[in-house]
Protein chains: 2
Amino acid sequence: MNRSIISGEDGARLLDEDQVEDPLFVQAIARALHVLSVFHKAEQPLSLTEIAEASGTGRSAAQRVVHTLRALGYIERDETGRGFLPGIRVLDHTVDYLRLNKLIERATPVLLDLRKNARERIDLSLFDDLRVVYAARMQSKRETFFATLVGHSVPTFCTSGGRAIMAHLTDAQVDDIIARSDRRPFTDKTITAPDEVRAMVREARQNGYALTVEEVLVGEVALGVAVLGQGGRPLGAIHVAGSLSEWTPDAFRARFAPLAVEAANAINRLR
Amino acid sequence: MNRSIISGEDGARLLDEDQVEDPLFVQAIARALHVLSVFHKAEQPLSLTEIAEASGTGRSAAQRVVHTLRALGYIERDETGRGFLPGIRVLDHTVDYLRLNKLIERATPVLLDLRKNARERIDLSLFDDLRVVYAARMQSKRETFFATLVGHSVPTFCTSGGRAIMAHLTDAQVDDIIARSDRRPFTDKTITAPDEVRAMVREARQNGYALTVEEVLVGEVALGVAVLGQGGRPLGAIHVAGSLSEWTPDAFRARFAPLAVEAANAINRLR
DNA sequence: AAGTCTGTATCGACTAGCGATACAGATATA
DNA sequence: TATATCTGTATCGCTAGTCGATACAGACTT
C-alpha cells in the first residue's frame with residue numbers, strides 16, 4: 001500500500017491530551033489552529049460541517065472559529081462552488097519564517113554556488129522530528145518542474161537528507177524516530193525495515209552523506225548531507241537530486257558526494 | 001524616502017476595532033495570530049517583552065500565547081542567542097494554501113509553457129486588495145536568484161500585475177485602492193501620483209496588459225496580465241520580468257505582450 | 001412541496017483566559 | 001562582590017469571553 005507525496009498526511013502535530021491540563025496552554029488557539037490544520041488532509045474546499053467533523057469541534061464552535069479566521073484572512077471562501085479554503089494570509093507567515101530563519105540565510109549563497117557547479121536540482125530541507133520539510137529549491141537547468149515546493153514534507157526515515165540527519169543523532173534517537181514513523185512505502189524500493197534503515201544510517205555516519213535510490217520518487221537518485229547548528233545538532237540537510245536516466249547511483253555518488261559535502265561544510269563553517 | 005521590498009511592512013490585516021463588537025469574533029484567536037503577525041515587522045528574533053509590546057498584549061498574556069504557539073510548533077526559540085521566531089509549522093499551511101488554490105493549479109501548466117517560450121522569469125501573483133502576493137515563480141534559465149519568493153508581496157498600485165488587475169476593476173474601486181495604498185516609492189521611477197496611476201490603468205485597459213519600468217526594482221522591466229475568475233473578477237496576474245540590460249521597454253513589450261496575453265487567455269479559458 | 005444540504009446568527013451558563021504578582025537564571029551596570 | 005535589569009517561566013483568583021443549544025434563510029436534491 002504505497003502512498004503519495006502530494007497529500008499532507010505527515011506528522012501534523014495536533015493537540016495533545018496532556019496539554020489540556022497545562023494552565024499555560026490557551027485552548028482557543030489550539031482549537032483555531034486545529035481548524036486550520038484540517039485542510040492538511042483535504043483535497044478540496046471543505047464545508048463548515050466537514051470542518052467541524054474533522055476538527056472534532058461542534059458546528060457552532062467551528063463556525064465561530066471559521067468566522068474569525070476568515071475575518072483575519074486565514075480562511076477564504078471558494079469562489080466557484082461552496083466551502084472554505086486556507087486564506088492568503090498564511091503566506092505572510094511563510095515569508096516571515098523563511099526570512100528570519102538563520103539556516104536558510106546562511107545556506108542560500110552556498111546552495112546557489114552548489115547549483116552552478118552541480119547543475120542538478122538542489123534542495124534545502126529542515127529537520128522536524130519525523131519529517132523533513134523543504135524550505136528552498138533551486139531547480140536544475142533543464143528541469144521545468146514547479147519551483148514551489150516550499151512547505152512540502154517527507155519522512156525522515158526514508159529520504160537522503162533525513163538519513164544524513166539521523167547520522168548525527170544518537171542510536172536511541174534514531175530508533176525512536178524509526179519506531180514512531182509511519183513507514184508505509186512510497187515506491188517498492190522504499191526501505192522500511194528498521195534494521196535496514198539503521199544500517200543505512202550507519203553507512204551515512206561513515207560516509208558523511210546518505211544516498212537514496214527511488215525510495216520516494218521512481219527514477220530519482222538523491223544525495224543528502226546534514227547541516228549542523230549549535231554543538232553539532234543537525235538542523236537540516238542539503239539534497240542533490242538527479243535522474244536515473246542520466247546517472248547510475250555510483251556515478252551520481254562519485255560526482256556529487258564531494259561537492260555536496262564541501263557545500264555542507266561551508267555552511268557549517270559559517271557558524 | 002524609498003522603501004525596501006524585503007521587509008514586510010505591507011497590508012498586514014490586523015484586528016479591527018469593529019470586530020471587538022462582533023459576537024462571532026473569537027478574540028483569543030485574533031490575539032494569538034496577532035502575536036504571530038508581530039514577526040512581520042521583525043528583522044531578528046523577538047524577546048517575550050518585545051512581542052508583548054509589539055502586539056499590545058500584556059507580558060503575561062503574550063507569554064501564555066507564545067507558550068501555546070510554541071507547543072504547537074508555530075513559534076520556535078532561536079538556537080543561538082535568545083528570543084523567538086516563527087515555527088516550521090507555518091509551512092504546513094503554506095503548502096495547504098498553494099495545493100488547494102484552484103488558480104495556481106490551472107495556471108501552472110500554462111506558466112511552464114510560457115516560461116519555455118519566453119525564457120524570462122515568470123511569476124504568478126494573487127490579488128489581495130492593496131497588495132499582490134507572489135504565489136509561484138519560475139526562474140529564467142540564466143537567473144540564479146532564489147526560487148523562494150513565495151509569500152512576498154508588493155503593492156498593487158505600482159506593479160505590472162497590480163495595474164493589470166486594476167484594469168479589470170471599476171474606476172471607483174481603482175480610486176479606492178490608490179487612496180488607501182501606502183504610496184511611498186521603491187525607486188525614483190515609481191509612479192505614485194494618483195492621476196498618473198489612473199492613466200496607467202486606463203492604458204492597461206486598452207492594451208490588455210500593463211508594463212512597468214523600474215518601478216519596484218532598478219533595472220527591471222515587467223509585463224503583467226490579469227487572470228480572471230468568476231464573472232471577470234481579477235484573481236491575480238501573470239508577470240514576465242526581464243532586465244533592461246538586455247531589452248528596451250518597447251522591445252520587451254513587443255516580444256512578450258502577445259505571449260503573456262495568450263497565456264492569460266489560456267488560463268481564463270480553463271474556467 | 002418536502003427534504004437536506006449550505007452558511008449564518010443569537011443568547012444564557014459556565015468555563016477558560018487575562019492580569020497581577022512572583023521567581024530563577026543570565027548578562028550587564030555600579 | 002553586589003545591585004540592577006534583563007531573560008523566560010509559573011501560579012491563582014476574578015471576570016470577561018467562549019461553547020453549545022437552538023433557530024433561520026437560502027440553495028440544491030428528491
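Proteins get letters first, then strands, A, B, ... in listed order; numbering begins at 1 in each. These numbers come from the heavy atoms of this one structure, side chains and all, not from hydrogens, waters or symmetry mates.
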- Message: What is the separation between atom CG on A/Leu48 and atom P on C/dG7, rounded to the nearest whole Å?
- Response: 5 Å
- Note on the structure: By side chain to side chain contact (heavy atoms under 4.5 Å, CB included), A/Pro234 pairs with (sequence neighbours left out) A/Ile165, A/His168, A/Leu169, A/Leu228
- Message: How many whole angstroms separate atom CZ of B/Arg59 from atom P of D/dT5?
- Response: 13 Å
- Note on the structure: From CD of B/Gln63 across to C1' of D/dC6 the rounded distance in Å is 15 Å
- Query: Rounded to the Å, how far apart are B/His67 NE2 and C/dG17 P?
  - Reply: 12 Å
- Query: Any cation-pi pair here, A/Arg77 with A/Phe84, using under 6.0 Å and within 45°?
  - Reply: yes
- Item | salt bridge (charged side-chain N to carboxylate O under 4.0 Å, His left out) against A/Arg59, all qualifying residues, sequence neighbours excluded | none
- 5'-to-3' dot-bracket of DNA chain D (Watson-Crick, G-U; under 3.5 angstrom; crossing pairs as [ ]; | other strand): |.||||.|||||||||||||||||.||...
- Between protein and nucleotides 18-30 of chain D, map the contacts as a letter string: B base, S sugar-phosphate only, - none, heavy atoms under 4.0 Å, written 5' to 3'. BBBBB----SS--
- Partner set under side chain to side chain contact (heavy atoms under 4.5 Å, CB included) for B/Thr159, not counting sequence neighbours: B/Val154, B/Val216
- Query: What nucleotide among D/dT9, C/dT8, C/dG7 has an atom nearest to a side-chain atom of B/Arg77?
  - Reply: D/dT9
- Message: Just by distance, no angles: are the side chains of B/Thr156 and B/Arg163 close enough, under 3.5 Å, to form a donor-acceptor pair?
- Response: no
- Task: Start with the C-alpha gap between B/His152 and B/Val133, add the side-chain angles, then the distance that decides, and say whether side-chain contact (heavy atoms from CB on, under 4.5 Å) holds.
- Result: CA-CA 6 Å; B/His152 258 110; B/Val133 183; over 6 Å; no
- Nucleotide D/dT7, atom C1' - distance to CD of B/Glu50 in whole Å: 11 Å
- Item | Phosphate OP1/OP2 of C/dT6 contacted by A/Thr49 side-chain N/O (<4.0 Å) | yes
- Query: Could you go step by step and tell me if B/Phe39 and A/Leu100 meet the side-chain contact (heavy atoms from CB on, under 4.5 Å) rule?
  - Reply: CA-CA 9 Å; B/Phe39 291 101; A/Leu100 293 169; 4.0 Å; yes
- Between P of C/dT6 and CZ of A/Arg70, the distance in whole Å: 15 Å
- Query: Can you name the residues that form a side chain to side chain contact (heavy atoms under 4.5 Å, CB included) with B/Asp175, not counting sequence neighbours?
  - Reply: B/Arg198
- Message: Any donor-acceptor pair under 3.5 Å linking the side-chain atoms of B/Thr170 with those of B/Gln173?
- Response: yes
- Task: Round to a whole Å and report the spacing from CD1 of B/Ile75 to C1' of D/dG8.
- Result: 13 Å
